[in-house]
Participant: 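This structure is in structure tokens; I'll ask about it shortly.
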Amino acid sequence: MKVRVLGCSGTIARDCRSTSFLVDHDVLVDAGTGVGDLTLDEMAGIDHVLLTHSHLDHVAALPLMVDAIANRRRTPLQVHALQATIDALKAHIFNNVIWPDFSAIPTPASPFIRFHALDVGQTLVLAGKLVEVLPAVHTVPAVGYAVSAGQAYWVFTGDTEHNPALWERINQMDVAMLVIETAFSNRERELAKRSRHLSPHALADELGSVGSGKNYPIYITHTKPAETELIMAEIRCFDQQHGVGSAPSHDIRWLRAGQEFEL
Ligand SMILES: [Zn+2]
Ligand SMILES: [Zn+2]
């Protein structure tokens, strides 16, 4: 299974795109602005979209992508999300004001997109991949995902703050890599708390819940373009302090758009 990072920034700027991952060629996890780097053929090859939540940085490219590929596809694009996320998309984006309701166009019986509600804890098989819906704690209903093609899981937290239920679950899983958000620097940790994101300080607490003996690589995502260097420096600083001797306690890396992982 291949995971390609299309976008992993908290917002946009030159060379910074918001959250989106392409798993193999046919499953998209979140539809942030990174989707705009795909060719029309690549976009048309996507059969399933898994959304973590309704925030714009995770759904911004979905309406435009559907429009771009509608006449190239014979079957509806399958969009999977919490019912609350689907309701928000229908009410605020696909409402025939901001954008056409592509779940009823060209006809309700044969639309360009079809929404599917999912729940935390549910498992799905999509395009030969096993997907588990993970809990997330955010300002709106939100989830994370674990995806596997039969081997170890690629785990993505989505946007979340302190999330004990996530650790409880993934400590039971064979994890190949974890992608976890750290949206704010320590300077803005109060804002991080209010907006239910992690700061390096909060991340340190979260990583204390990684099961003993688990040493999968941990990739940091959702950093603000102007603060990425600072956030990574703060994370490295705490990780050295918590490690044994001079060795860091976790294998923490910086996720970058364009990276591709073979799992
Ligand atoms: Zn969010
Ligand atoms: Zn976000």
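First listed ligand is number 1; within each ligand, the first listed atom is number 1.
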Participant: Charged N to carboxylate O below 4.0 Å: is that the case for R4 and E42?
Facilitator: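 Answer for the salt bridge query: yes.
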Participant: Quiz question: by atom type and distance under 3.5 Å, do the side chains of H80 and H48 form a donor-acceptor pair?
Facilitator: yes
Participant: Between the side chains of D37 and R17, is the shortest nitrogen-to-carboxylate-oxygen separation below 4.0 Å, so that they form an ion pair?
Facilitator: yes
Participant: Among protein atoms, how many N/O/S atoms lie less than 2.8 Å from the Zn ion (ligand 1)?
Facilitator: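 Protein N, O or S neighbours of the Zn ion (ligand 1) under 2.8 Å, waters not counted, come to 4.
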Participant: Can you give me the closest heavy-atom contact between F238 and P200, atom names plus distance?
Facilitator: CE2-O, 3.4 Å
Participant: When the side chains of residues 124-153 are checked against the rest of the protein, which donor-acceptor pairs come out under 3.5 Å, sequence neighbours left out?
Facilitator:
unit_1	atom_1	unit_2	atom_2	d
K129	NZ	D24	OD2	2.9
K129	NZ	D26	OD1	3.1
K129	NZ	A127	O	3.1
E132	OE1	R169	NH2	3.0
E132	OE2	R169	NE	2.5
H138	ND1	R196	O	2.9
H138	NE2	H53	NE2	3.4
H138	NE2	H55	ND1	3.2
H138	NE2	D159	OD2	3.4
Y145	OH	L51	O	2.6
S148	OG	G150	N	2.8
S148	OG	Q151	N	3.3
S148	OG	Q151	O	2.8

Participant: In terms of side-chain heavy atoms, does H162 have a donor or acceptor partner in E206 at a distance below 3.5 Å?
Facilitator: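 Checked: H162/E206 side chains pair up, N/O donor to acceptor below 3.5 Å.
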